[in-house]
Novice: 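Would you mind keeping the following structure in view while I ask a few things?
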Amino acid sequence: MRIPFTQVDAFAARPFEGNPAAVMPLPAWLDDATLLRIAQENNLSETAFLVADASGVADFELRWFTPAAEIALCGHATLAAGHVVLASDPDREVVRFRTRLSGVLEVAREGAGYALALPSLAPVPRDLPGVVAALRVEAVETLWHDGGYAVAVLADEAAVRGCSPDQAALAAQGRWLVIVTAPGDTSDIVTRAFTPAFGIPEDPVTGSAHAVIAPYWAKRLGRERFSAYQASARGGRIGCHVVEDRVVLSGTCVTTIEGSFLLP
């Protein structure tokens, strides 16, 4: 079986920036064990699998796998999937994806890039002493969302960049996405995101993290639109717009690899 394969740097202005994701359209769903083994072979933070949506609710069904597990929501791989679909059809302006745990997600053209609409995952205050200890930081406040998102708000960008977690201790906290965030120096906010329990010590650029922190920052900054920078080694810039129950993330994508995955 020959499966089309496209590797995309999402939230990137050029190759080697942003977060790489594999996008693989399928004629029908393979079993979950095979999907996971393909994601392990790709060895990227996420592989996005697409199947045409026969229900008519959306254009495609969409699922995401890390090398360790299927996940409930992935922003950058959704943006990458939207890029692959829209780049293949210049007349199409919008593509809709039906997901199993995050509803219908939409990617639309926006200037030279795309706008990705995700559900707003507004966090609430919660004491997270184990997370703070594992991050080895001094947190201004800590937040939580029941989807498995822990947030440590730090004083400034230097504190975010200097964060050096104990990855084993962080993984022991649970199968969570752990986010550190603060006011930015050259952007309104700055973030980093860690997911060692999913086999990814640090995620380069994380759309779902911004679906969590954008409602918090919109309230704190007093405006619905602001800029974000994820300060990983690769780095990536994201525009954030909080609209009622959605967070719309803006960014560009770069295709880096095209080919076929050969499945026996």
Side-chain angles (χ1 to χ4, degrees), residues 10-11 19 21 45-46 63-66 68-79 99-103 105 116-137 139-154 159-160 163 165-167 169-184 189-221 226 228-232 236 238 240-249 251:
F11 297 112
N19 201 349
S45 56
E46 268 84 22
R63 298 172 69 185
W64 313 274
F65 283 75
T66 76
E70 183 174 12
I71 59 173
L73 176 64
C74 180
H76 87 275
T78 304
L79 192 74
T99 71
R100 299 193 172 192
L101 296 173
S102 296
L105 308 180
L116 165 64
L118 297 177
S120 175
L121 305 176
V124 297
R126 177 169 162 180
D127 290 334
L128 299 168
V131 169
V132 172
L135 287 170
R136 299 190 283 214
V137 296
V140 174
E141 57 185 312
T142 52
L143 310 165
W144 169 259
H145 184 275
D146 284 340
Y149 300 94
V151 182
V153 182
L154 308 187
V160 170
C163 178
D166 180 332
Q167 296 285 353
L170 203 59
Q173 296 301 306
R175 293 173 71 82
W176 301 346
L177 172 64
V178 180
I179 306 157
V180 293
T181 186
I189 67 168
V190 64
T191 65
R192 290 172 67 194
F194 306 97
T195 55
F198 288 94
I200 306 163
E202 181 169 3
D203 198 38
V205 187
T206 317
S208 60
H210 290 82
V212 175
I213 63 173
Y216 165 84
W217 282 111
K219 184 175 181 180
R220 179 165 161 178
L221 295 170
F226 48 91
Y229 181 70
Q230 190 151 335
S232 63
I238 304 173
C240 299
H241 183 198
V242 178
V243 187
E244 297 178 348
D245 63 345
R246 311 295 280 178
V247 172
V248 180
L249 304 179

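The first residue in the sequence is number 1, and the count goes up from there.
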Novice: I'd like to check V178 versus Y149 (side-chain heavy atoms, cut-off strictly below 4.5 Å). Are they in contact?
Specialist: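 Answer no - side chains too far apart.
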Novice: Between I71 and F198, is any pair of side-chain heavy atoms under 4.5 Å apart?
Specialist: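 With C-beta onward as the side chain, the pair touches.
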Novice: If we only count heavy atoms from C-beta on, is the Q230 to T206 side-chain gap below 4.5 Å?
Specialist: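 SC-SC contact between Q230 and T206 confirmed.
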Novice: Do N19 and S45 pair up side chain to side chain, a donor and an acceptor below 3.5 Å, judged on atom types alone?
Specialist: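 N19 vs S45: donor-acceptor pair found between side chains.
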Novice: Does T66 use its side chain to pair, donor to acceptor, with the backbone of A68 at less than 3.5 Å?
Specialist: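 Side chain of T66 to backbone of A68, a donor-acceptor pair under 3.5 Å: yes, one is there.
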Novice: Taking the side chain as every heavy atom from C-beta outward, state whether L118 and R246 have any pair of such atoms under 4.5 Å apart.
Specialist: no
Novice: Would you mind reporting whether L116 and V248 have side-chain heavy atoms less than 4.5 Å apart?
Specialist: no
Novice: Scan side-chain atoms only and decide if T195 and W176 contain a donor-acceptor pair under the 3.5 Å cut-off.
Specialist: no
Novice: Looking at every non-hydrogen atom in both residues, tell me the closest pair between P215 and A122 and how far apart they are.
Specialist: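 Heavy atoms of P215 and A122 come nearest at CB-CB, 3.8 Å.
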Novice: For F194, check ring pair (Phe, Tyr, Trp, His ring centres under 6.0 Å) against everything at least two apart and list the hits.
Specialist: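 F194 satisfies ring pair (Phe, Tyr, Trp, His ring centres under 6.0 Å) with no other residue.
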Novice: Side chains of L73 and L121: does their closest heavy-atom pair fall under 4.5 Å?
Specialist: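 They are in side-chain contact.
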Novice: Please tell me whether W217 and T181 have a donor and an acceptor in their side chains that are separated by less than 3.5 angstrom.
Specialist: yes
Novice: Under the 3.5 angstrom rule, does the side chain of S232 hit a backbone N or O of P204 as a donor-acceptor pair?
Specialist: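 Indeed, once roles are kept as given, a pair shorter than 3.5 Å links the two residues.
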Novice: Are the side chains of V205 and H76 in contact, using a 4.5 Å heavy-atom criterion?
Specialist: no
Novice: Heavy-atom count check: over 12 atoms from other residues, nucleotides or ligands less than 6.0 Å from D166 CG?
Specialist: yes
Novice: Sorted by first residue and then second, give each salt bridge (Lys or Arg N to Asp or Glu O under 4.0 Å) pair with at least one member in residues 191-216; sequence neighbours left out.
Specialist: R192-E202
Novice: If a pair satisfies salt bridge (Lys or Arg N to Asp or Glu O under 4.0 Å) and one of its residues is in residues 169-179, list it, with sequence neighbours excluded.
Specialist: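 Every pair satisfying salt bridge (Lys or Arg N to Asp or Glu O under 4.0 Å) with a residue in residues 169-179: there are none.
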Novice: Could you check whether any side-chain N or O of S208 sits under 3.5 Å from a backbone N or O of C74, counting only pairs where one atom can act as donor and the other as acceptor?
Specialist: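 The answer is no, because no donor-acceptor pair under 3.5 Å joins these two groups.
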Novice: Before you tell me yes or no, could you show the steps for W64 and T78 under side-chain hydrogen bond (donor to acceptor under 3.5 Å, both in side chains), namely the whole-Å CA-CA distance, both residues' side-chain angles and the distance that decides it to 0.1 Å?
Specialist: CA-CA 9 Å; W64 313 274; T78 304; 3.1 Å; yes
